[in-house]
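Hydrogens, waters and symmetry mates are skipped; everything else that's a heavy atom, side chains included, is used. In what follows, chains are A, B, ... by sequence order, proteins preceding strands, each numbered from 1.
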Amino acid sequence: MSKPTPLSGFPEWLPPQRMIEQQLLARIARTFELYGFAPLETRAVEPLDQLLRKGETSKEVYVLRRLQDSGGDADLGLHFDLTVPFARFVLENAGRLQFPFRRYQIQKVWRGERPQEGRYREFLQADIDIVDRDTLPFHYDAEMPLVVGDALRGLPIPPVTIMVNNRKVCEGFYRGLGLADPEPVLRAVDKLDKIGPGKVAALLTETAGATDAQAAACLELAAIAAPDASFADRVRALGVTDPLLDEGLDELVRVVDAAAAHSPGLVVADLKIARGLDYYTGTVYETVLAGYESSGSICSGGRYDNLASSGAERFPGVGISIGVSRLLGLLFGRSALTVSRAVPTCVLVALTDEDARPAAGRVAGALRSRGIATEVAPAAAKFGKQIRYAERRGIPFVWFPGADGAADSVKDIRSGEQVDADAAVWQPPAADLLPVVSAAVTAGS
RNA sequence: GUGGUCGUAGCUCAGCUGGUAGAGCACCGGGUUGUGGUCCCGGGGGUCGCGGGUUCAAGUCCCGUCGAUCACCCCA
């Protein structure tokens, strides 16, 4: 068999990277739970009509098919986000849930896009959502960014900025301006940072049917950004009036004010933010990592008032999702994260000869029983080689069983210090008990 | 899905206008008769991503494919 090659878009990390990922995931989940979000996992597949219910994503969905007898499961697809399956789950289990229902979900999702750094076909999202019956109080829109702000700011990563907008602001503004279809306008405005105002204006007249004056007004709106409520007056000063615009501005002010009170500097209102899935109806979030602005959003979401509804039942929701794989892919790409060792092992028990393996095993067992990750040396090689085995993996301690009734001793191979020790009571320093994830000092900015 | 760039040892790379592969680091062994990291000596390792083509001869040219990356699309 020839050497296997990677599959494009399906990243696989090495164990040190996976240890980093697991620690970040554990801390993210912990933060979500501190805010009362309950854990949930949904199946990997959804009926295709559920997945395709909203928007243009059809070409991205991986369809499930059996090799033989392709009739049976032909209408199933892998989910491409966690919100659509969640909406389905809520409808299905509405009778068993208490509302407002807040849950978090950390799972793989799949999208058939062309991969590049930070963009994958299989990736991990850490998602929180809150849904309620009939109506969802708006204060939840303000809570979302605070939760992920807490989660992300607790990690050894560069600072994040959450940019917030509200689709009612854009749609109301465009409508007040006389532009009926907001979609092409949003798409054009979204390119502002990349292609500049001149080309966006040209796009607006070409693809959105805007006059020069309308295009200019759209650009003026898109240029507005502020970390506080001052943006609203600047929008009103543009002279466009529309009930939806007013509603959107009021909502956006509430999000920004709440964030400014809770986490100054975390959230900024930015009226050119317009992307995201097409089921968003109000607040939209997008997040950039300092130093990685050009790599896109690492955390996005928004308010969806119509996603979960069947017949007379309606479950409006708001949610936001951390792109864990993107975040890690970008940071790994610049070697910006390190872990203190490549394996969980804290102690390596050295071996004088194979006959000593049972005794070494008892030492290891005593340490493990007290929560100290321990492995026994693979072979009774020279101690130098056994120490080197530990060193290569970053294992901080080597345990030497005492010869002929002498006391055991344990060596910190970083300092070289070696002391007598008893496996029933010895404790490593707290900082060495578990691998520690930290920002790499050599990381470029 | 469309287009561009790139693909030589585990890593970073060299290899001139085509003449049948090299360095540093890493790794392994020895010096050092079971306590590593320095130093010295020695050693293993590459179907030059893969498959076809042109040629007496291809790492070097052409085509395809896979992978990485960038732009578009879209978005975490």
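Note on Lys191(A): every side-chain N or O is 4.0 Å or more away from OP1 and OP2 of C72(B). Note on Arg326(A): every side-chain N or O is 4.0 Å or more away from OP1 and OP2 of C74(B). For the pair Arg414(A) and G37(B), the criterion of a side-chain N or O lying under 4.0 Å from OP1 or OP2 is not met. Distances shorter than 4.0 Å separate some side-chain N or O of Arg388(A) from OP1 or OP2 on G29(B). Applying the 4.0 Å criterion to OP1 and OP2 of U33(B), one finds that Lys382(A) has a side-chain N or O inside that range.
The side-chain contact (heavy atoms from CB on, under 4.5 Å) check on Thr374(A) picks up Val347(A), Val349(A), Ala364(A), Leu367(A), Arg368(A), Ile372(A), with sequence neighbours excluded. In this structure, the side-chain contact (heavy atoms from CB on, under 4.5 Å) partners of Ser321(A), at least two apart in sequence or on a different chain, are Gln125(A), Asp127(A). Annotation: salt bridge (charged side-chain N to carboxylate O under 4.0 Å, His left out) contacts of Arg303(A) (sequence neighbours excluded): Asp141(A), Asp305(A). In this structure, the side-chain hydrogen bond (donor to acceptor under 3.5 Å, both in side chains) partners of Tyr389(A), at least two apart in sequence or on a different chain, are Glu375(A). In this structure, the side-chain contact (heavy atoms from CB on, under 4.5 Å) partners of Gln107(A), at least two apart in sequence or on a different chain, are Glu41(A), Thr42(A), His79(A), Leu82(A), Gln105(A).
Among the protein residues, Ser325(A) comes within range of no part of the nucleic acid, since none of its heavy atoms lies under 4.0 Å from any strand. Nucleic acid contact for Tyr389(A): none, since no nucleic acid atom lies under 4.0 Å from a heavy atom of the residue. Contact annotation for Gly384(A): backbone-only contact, meaning every heavy-atom pair under 4.0 Å involves sugar-phosphate atoms and none involves a base. Counting non-hydrogen atoms under 4.0 angstrom, Lys108(A) reaches nothing in the nucleic acid. At the heavy-atom level, Ile298(A) lies under 4.0 Å from the strands shown only through sugar-phosphate atoms. No contact: Ala350(A) has no heavy atom under 4.0 Å from any strand.
Distance check on atom C1': A14(B) versus A21(B) gives 11 Å, rounded to whole Å. Here, C27(B) and A9(B) have their C1' atoms 11 Å apart, quoted to the whole Å. For U32(B) and A68(B), the C1' atoms lie 45 Å apart once the distance is rounded to whole Å. Comparing the C1' positions of G1(B) and U8(B) gives a spacing of 32 Å, expressed to the nearest Å. Taking atom C1' in both G67(B) and C48(B), one finds a spacing of 16 Å when rounded to whole Å.
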Mind listing the N/O atom pairs, protein and nucleotides 64-68 of chain B, below 3.5 Å?
unit_1 : atom_1 : unit_2  : atom_2 : d
G67(B) : OP1    : Ser8(A) : N      : 3.0
A68(B) : OP2    : Ser8(A) : OG     : 2.4

Within the sub-3.5 Å range, which N or O atoms of nucleotides 39-45 of chain B have a protein N or O partner, and how far apart are they?
none

Any N/O pairs under 3.5 Å between the protein and nucleotides 2-4 of chain B? List them or say none.
unit_1 : atom_1 : unit_2    : atom_2 : d
U2(B)  : O4     : Arg114(A) : NE     : 3.4

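Regarding Lys385(A), its NZ atom lies at a distance of 12 Å from the P atom of G31(B), rounded to whole Å. Asp408(A) has its CG atom 15 Å from the C1' atom of U35(B), to the nearest Å. The interatomic distance linking Glu113(A) (CD) with A71(B) (P) rounds to 14 Å, in whole Å. Atom CD1 of Ile395(A) is separated from atom C1' of G36(B) by 13 Å (rounded to the nearest Å). Taking atom CG on Leu14(A) and atom C1' on G10(B), their separation rounds to 11 Å, with Å as the unit. Between the CG atom of Leu186(A) and the P atom of C73(B) there is a distance of 14 Å, given to the nearest Å. Atom C1' of nucleotide G34(B) and atom CD of Gln386(A) are separated by 8 Å, given to the nearest angstrom. Rounded to whole angstrom, the span from the CG atom of Leu203(A) across to the C1' atom of C73(B) amounts to 13 Å.
Between the side chain of Arg119(A) and the base of A76(B) there is no donor-acceptor pair of N/O atoms closer than 3.5 Å.
Pair check for G24(B) finds C11(B); Watson-Crick or G-U wobble, both atom distances under 3.5 Å. Across every strand in view, C73(B) sits unpaired, with no contact that passes the Watson-Crick or G-U test at under 3.5 angstrom. Across every strand in view, G36(B) sits unpaired, with no contact that passes the Watson-Crick or G-U test at under 3.5 angstrom. Nucleotide U17(B) has no partner under the Watson-Crick or G-U criteria, as no pair reaches both atom distances under 3.5 Å. Base pairing analysis places G59(B) opposite nothing; no Watson-Crick or G-U wobble pair with both distances below 3.5 Å involves it. Across every strand in view, U65(B) sits in a pair with G49(B) that passes the Watson-Crick or G-U test at under 3.5 angstrom.
The listed nucleotides are G29(B), G36(B), A76(B); the one nearest the side chain of Glu391(A) is G36(B). Side-chain atoms of Phe400(A) lie closest to U35(B) of the nucleotides C28(B), G36(B), U35(B). Considering only side-chain atoms of Tyr120(A), the nucleotide from A76(B), G36(B), C72(B) that sits closest is A76(B).
Anti is the classification of G10(B), since its glycosidic angle lies more than 90° from 0.
Residue Lys411(A) is the one, among Lys411(A) and Ser300(A), whose nearest nucleotide of RNA chain B lies closer to the 5' end (criterion: closest heavy atom).
Across every non-hydrogen atom of Ala269(A) and Val256(A), the tightest pair is CB-CG2, 3.6 Å. Minimum interatomic distance between Ala440(A) and Ser335(A) (heavy atoms only, all atoms of both residues): CB-O, 3.2 Å.
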Tabulate below the donor-acceptor pairs under 3.5 Å that side-chain atoms of residues 22-29 of chain A make, not counting sequence neighbours, or state none.
unit_1   : atom_1 : unit_2    : atom_2 : d
Gln23(A) : NE2    : Pro435(A) : O      : 2.7
Arg27(A) : NH2    : Gly154(A) : O      : 2.7

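Heavy atoms of other residues, nucleotides or ligands lying less than 6.0 angstrom from CZ of Arg153(A) number more than 12.
In this structure, Phe123(A) packs face-to-face on the six-membered ring of A76(B), meeting both the 5.5 Å centre cutoff and the 30° plane limit.
Residue Asn93(A) holds its CG atom at 8.5 Å from CZ of Phe101(A), rounded to the nearest 0.5 Å.
Within the structure, ring pair (Phe, Tyr, Trp, His ring centres under 6.0 Å) contacts touching residues 318-346 of chain A (residues at least two apart or in different chains) are Trp13(A)-Phe332(A). Listed by first then second residue, pairs satisfying side chain to side chain donor-acceptor pair (under 3.5 Å) with a partner in residues 182-200 of chain A read Asp190(A)-Arg275(A), not counting sequence neighbours. Within the structure, side chain to side chain donor-acceptor pair (under 3.5 Å) pairs that include any residue of residues 156-167 of chain A comprise Asn166(A)-Glu251(A) (at least two apart or interchain).
The backbone N or O of Tyr35(A) sits less than 3.5 Å from a side-chain atom of Arg102(A), completing a donor-acceptor pair. A donor-acceptor pair under 3.5 Å is absent between the side-chain atoms of Thr205(A) and the main chain of Ala210(A), judged by distance alone.
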